[in-house]
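Just so we're clear, the structure is a prediction, and the values are computed from it rather than from any experiment. Below, each value reflects all heavy atoms present in this structure, side chains not excepted, and no hydrogens, waters or symmetry copies.
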Amino acid sequence: MTAVDFEKFVDRLADVSAEAIMPFFRTALAADDKAHGGAFDPVTEADRAAELAMRRLIESTFPGHGIYGEEFGPLREDAEYVWVLDPIDGTKSFICGLPLWGTLIGLAHRGRPCYGLMSQPFTRERFYSDGEAAYWRGPARGAGGARGAFETRRLATRACAKLDQATLMTTSPLLIDPSLRENFHRVERAARLSRYGGDCYAYCALASGHVDLVVETNLQPYDIVALIPIIEGAGGVVTNWSGGAAAQGGAIVAAGDPALHEAALTLLGA
């Protein structure tokens, strides 16, 4: 496949996912609880339908590739190329009618993230990267409301080396592992501003230069693999709290500025 063919294929994955999801958004949609008595972990028919649609397209196009999805688990996860899918990252926002969710489509080559896309079909935005350069595509400004007018912009994180000048995001402090919560609050107290919510959107806001730091725990690979190339392609840094690779999830810290990342790691590990 050429690079152009590949980008078209990933866009098609995002399209079929959006076609499955959008009829459910802001409707009276029931949610099942995957936690079965633990912390509420919702899943909807929209999640399942979108992942199935993407899986079918991947398997028909690349039958030798692996797939690791949130809703239906792994398939050929030892393959050279593995697609890592989260059909709706931010299901809690989705069932509340809030547009702070997205479809995550990641591709790993021999375990290393090599391409990522976040699609937000309600706002008609896509964030994507091969790890070398990151881009946003969405409704064009000044298009007079013309629905078909889109523009593409290259993404870049912003310079912010000091915590006392930083904007920090996390989905919720209640989702931080209790044993690590005080470590998180050390960083939060040092930051200029903290905001909650966002899920995958927070990482894309960081890549866009609107947010400086995202700190979370208990992430799965499907929560972060697609976002790693986007953050790194925009000039940011994303690791686990020990400074290691982020692709396996766990406790994750992403920063737009390498110096800020080091400052956050120091407090998170203190």
Side-chain angles (χ1 to χ4, degrees), residues 10 84 86 89-90 100 102 104-109 112-120 125-138 152-171 176 183-184 187-188 190-217 219-269:
V10 180
V84 186
D86 191 345
D89 185 81
L100 296 177
L104 294 178
I105 302 170
L107 180 63
H109 180 231
R112 185 181 181 88
C114 62
Y115 195 89
L117 180 144
M118 190 282 263
S119 168
Q120 214 309 326
E125 295 177 284
R126 290 182 184 175
F127 301 79
Y128 55 97
S129 176
D130 60 2
E132 297 298 323
Y135 298 91
W136 170 91
R137 184 168 69 250
T152 300
R153 297 200 302 267
R154 185 162 179 173
L155 297 177
T157 61
R158 66 186 178 192
C160 178
K162 297 182 178 179
L163 275 166
D164 62 5
Q165 295 297 310
T167 296
L168 162 72
M169 288 197 72
T170 194
T171 299
I176 300 290
N183 304 56
F184 165 77
V187 177
E188 183 179 38
R192 179 173 67 175
L193 172 67
S194 64
R195 302 296 297 169
Y196 303 153
D199 291 280
C200 60
Y201 219 107
Y203 295 91
C204 292
L206 184 147
S208 303
H210 305 306
V211 172
D212 303 299
L213 193 64
V214 183
V215 179
E216 302 194 287
T217 67
L219 298 192
Q220 298 298 321
Y222 47 72
D223 295 316
I224 193 66
V225 164
L227 297 167
I228 291 171
I230 298 171
I231 294 164
E232 293 180 344
V237 182
V238 54
T239 69
N240 61 28
W241 285 18
S242 299
Q248 294 304 309
I252 298 298
V253 53
D257 188 309
L260 182 65
H261 181 263
E262 287 298 321
L265 280 182
T266 298
L267 287 184
L268 290 170

Interatomic distance, [X] atom [atom1] to [Y] atom [atom2] [nearest 0.5 angstrom]:
X: L193; Y: Q165; atom1: CG; atom2: CD; answer: 11.5 Å
X: T152; Y: W136; atom1: OG1; atom2: CH2; answer: 8.0 Å
X: C200; Y: M118; atom1: SG; atom2: CE; answer: 4.0 Å
X: Y201; Y: M169; atom1: OH; atom2: CE; answer: 11.0 Å
X: I224; Y: E216; atom1: CD1; atom2: CD; answer: 8.0 Å
X: I228; Y: T239; atom1: CD1; atom2: OG1; answer: 9.5 Å

Side chains of [X] and [Y]: closer than 4.5 Å at any heavy-atom pair?
X: L163; Y: L260; result: yes
X: L227; Y: F127; result: no
X: L213; Y: V187; result: yes
X: T170; Y: Y196; result: yes
X: I105; Y: Y222; result: no
X: V10; Y: Y115; result: yes

Between [X] and [Y], which heavy-atom pair has the shortest distance, and what is it?
X: A264; Y: V253; answer: CB-CG2, 4.2 Å
X: A207; Y: A234; answer: O-CB, 3.4 Å
X: V215; Y: I176; answer: O-CD1, 4.0 Å
X: S208; Y: L155; answer: OG-CD2, 3.6 Å
X: L206; Y: T157; answer: O-CG2, 3.5 Å
X: V237; Y: I231; answer: N-CG2, 3.9 Å

Within 6.0 angstrom of R112 CZ, more than 12 heavy atoms from elsewhere: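 At most 12 heavy atoms, drawn from other residues, nucleotides or ligands, come within 6.0 Å of this atom.
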Whether over 12 other heavy atoms sit under 6.0 Å from Q220 CD: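 Result for CD/Q220: enclosed.
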Stepwise side chain to side chain contact (heavy atoms under 4.5 Å, CB included) test for V238 and E232: CA-CA 7 Å; V238 54; E232 293 180 344; 4.2 Å; yes
Side chain D212, main chain C160, donor-acceptor under 3.5 Å: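 Checking the backbone N and O of C160 against the side chain of D212, no donor-acceptor pair under 3.5 Å is found.
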R158 side chain to H210 backbone, donor-acceptor under 3.5 Å: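 Yes, R158 side chain to H210 backbone: donor-acceptor pair under 3.5 Å.
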Derivation and outcome, side chain to side chain contact (heavy atoms under 4.5 Å, CB included), residues D223 and D89: CA-CA 7 Å; D223 295 316; D89 185 81; 3.2 Å; yes
Hey, can you pull the donor-acceptor pairs under 3.5 Å for the side chains in residues 128-135, sequence neighbours left out?
| residue | atom | partner | partner atom | Å |
| --- | --- | --- | --- | --- |
| Y128 | OH | R137 | NH1 | 3.3 |
| S129 | OG | G131 | N | 2.8 |
| S129 | OG | A133 | O | 2.8 |
| S129 | OG | P229 | O | 2.8 |
| D130 | OD1 | E132 | N | 2.8 |
| D130 | OD1 | A133 | N | 3.2 |

